[in-house]
Every structure is written in C-alpha cells, then in structure tokens.
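One structure below.
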Amino acid sequence: MTRRRDEILKEMGLGPVWRLRADGDAAPEEKGTAACVPDTDSAEPSFGNTVHAATRDSSPVTRHPAPVAAPDDRRARIMRMDWSQLKSCVADCTVCPLHEKRTRTVFGVGDEKADWLFVGEGPGADEDAQGEPFVGQAGKLLDNMLAAIRLKRGHDVYIANVVKCRPPGNRNPAPEEARACEPHLQRQIELIQPRLIVALGRVAAVNLLAREASIASLRGQVHQYRGIPLVVTYHPAYLLRNLTDKAKAWADLCFAVDTMKGLQKRVSAAT
Ligand code: SF4
C-alpha cells in the first residue's frame with residue numbers, strides 16, 4: 001500500500017476490520033481499501049461515518065425541471081447583484097411556496113472564490129435550523145468526503161443547494177420551486193467562478209444540467225454548466241442509507257480530483 005493511499009484511507013476513517021472466514025477461521029482483512037478505480041465494488045470506503053440514519057427523501061424524481069427562466073426582470077436584477085445584495089435577496093425571498101414553512105433561508109457557505117463548488121438539492125431539518133448547508137449527519141459525511149480528497153469546508157470549497165429553503169418533510173424540491181430559485185444559484189456560481197462543480201445527487205444534477213437522466217448515466221463524465229466543468233456523484237444522505245454505493249462515490253471523488261488536476265494543468269500550460 002502506498003503512503004498516499006494510507007493517508008487517504010486514514011482521512012476517510014478506514015482501517016482493518018475482522019471478518020469471519022467461511023471455514024470459521026478469523027482472519028484480518030482490510031475492508032474499504034479503496035483505490036481510484038471506478039465502480040470497484042470491492043472498494044468500500046466508509047468516509048469515516050457509520051451513522052446509518054438519514055432524513056432526506058431520495059426517492060426517484062419523476063419530473064425533471066428545465067431551467068426555465070424566471071421572469072426576465074427578476075432574473076436580470078439578480079444577475080447584477082453582488083454578494084451582499086444576493087444574500088439579502090435570498091433572505092427576504094418569498095417567490096416560491098417554500099418560504100412559508102422555512103425557519104430561515106440557507107444561502108450557502110464557504111470560500112467565495114473557491115475552485116470547488118459542491119451543490120446539493122436543498123436544506124434539511126438541521127440546515128433549516130442552523131442556516132448552513134450540510135450540517136447534519138449528511139454534512140458530517142460530506143466533510144469526510146472532502147477530507148478524503150484533501151479538501152476542507154471553507155477552504156477553496158463552496159457548498160450550496162439548488163433551493164435555499166427547506167422542502168417540507170425533506171421531500172425533493174418541486175420543479176417549479178427549483179426553477180424559482182435557479183437565478184440565485186446561477187448568480188452564486190457567476191460570483192464564485194469555480195473551476196469545477198460537483199453535483200451531489202440526482203436532483204442537483206438534473207437541475208444544473210437541465211435534462212432528465214439517471215445518476216448512473218451521469219457519473220464518470222465531465223458535463224458542462226454554462227461552460228464550467230461539472231461532475232456528478234451521490235448525495236451524502238443517500239450514501240448514509242446505501243453504504244455499498246460509497247465505493248462508487250469514492251470513485252467519483254477520484255474522478256473529480258483527476259478532472260481538477262487536468263483543468264489546472266490546462267491553465268498552467270496556457271500561462
Ligand atoms: Fe425564494 Fe428559493 Fe426560498 Fe423559493 S426556495 S422562497 S425561490 S429563496
């Protein structure tokens with residue numbers, strides 16, 4: 001095992017586990033010795049999180065929202081906003097019905113000039129209470145995922161959601177709700193100018209890419225959001241309930257890192 005691999009696995013909270021052999025002999029076996037190889041089912045990183053509970057509803061989306069423009073004057077106004085204006089705009093927003101049951105809006109958090117932008121679908125109960133995205137168990141898993149690729153919340157990383165208000169009962173945001181909030185996210189992305197976007201889950205992916213597709217078909221490719229490279233992986237809340245897919249998420253993270261390295265090399269070569 002290479003030193004780098006040791007370090008990554010340590011950051012992910014992975015270590016040797018014991019498994020009973022079929023013949024009854026106990027033998028040490030490293031579980032989750034993940035490598036940067038897509039879809040290796042033998043690689044099963046835990047991201048250091050053994051909590052299985054999840055609150056988010058990740059049931060399949062049956063309708064896909066295209067990024068239909070908000071009314072032109074509203075969109076145009078939002079597209080001229082600076083950070084301060086945009087934050088105020090979101091905090092006061094009552095454009096879609098999600099405002100009715102929110103405790104507070106959840107704007108986004110992190111380095112406002114980050115190279116990495118992670119986008120989820122919407123706030124859950126913990127986020128609604130605290131006003132920050134990904135702060136519950138799914139947030140802890142996301143932080144571990146970031147650590148596994150040597151990233152840290154707030155350091156060259158920005159985290160946002162498709163909708164800024166909690167969908168009641170942690171349901172998926174409705175297409176019209178996602179459309180209503182889309183100018184906010186678009187302006188955030190314009191202000192950040194990330195080098196790479198990572199869509200966390202299918203809802204984020206289909207909204208950013210404006211097309212219906214399964215997450216399986218979207219993974220492992222570099223897509224584009226208004227000229228910015230975008231890759232897709234699973235939502236951390238989904239991974240809390242579907243532990244076997246953590247191996248795929250690890251492969252996605254490795255793919256994202258490789259994509260970022262390629263982008264950085266391209267910039268270096270051009271300068
Ligand atoms: Fe406004 Fe977005 Fe909240 Fe809807 S979800 S009320 S569009 S901030």
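All ligand and atom numbering here is 1-based and tracks the order in the structure.
Not one N/O/S atom of C181, from backbone or side chain, sits under 2.8 Å from atom 3 (Fe) of ligand 1.
At a threshold of 4.5 Å between non-hydrogen side-chain atoms, the residues P236 and F134 count as touching. Residues E121 and P173 form a side-chain contact, since some pair of their non-hydrogen atoms from C-beta on lies under 4.5 Å apart.
Protein heavy atom closest to atom 3 (Fe) of ligand 1, with residue, atom name and distance, is C165 SG, 2.3 Å.
The contact set between ligand 1 and A180, taken as ligand atoms under 4.0 Å from a residue heavy atom, comprises 7 (S). Under a 4.0 Å criterion applied to the non-hydrogen atoms of H99, ligand 1 contributes the atoms 6 (S).
Using a 4.0 Å cut-off between a side-chain N of Lys or Arg and a carboxylate O of Asp or Glu, E182 and R179 do not qualify as a salt bridge. Salt bridge status for R104 with E132: absent, with no side-chain N to carboxylate O gap under 4.0 Å. Between D245 and K248, at least one side-chain N (NZ, or NE/NH1/NH2) sits under 4.0 Å from a carboxylate O, which counts as a salt bridge.
Not close to ligand 1: E177, with no non-hydrogen atom less than 4.0 angstrom away.
Of all the listed residues (C96, A178, P167), C96 holds the heavy atom that lies closest to atom 4 (Fe) of ligand 1. The residue from C93, C89, P173 that puts a heavy atom closest to atom 7 (S) of ligand 1 is C93.
The backbone N or O of D115 lies less than 3.5 Å from a partner atom in the side chain of D156, making a donor-acceptor pair.
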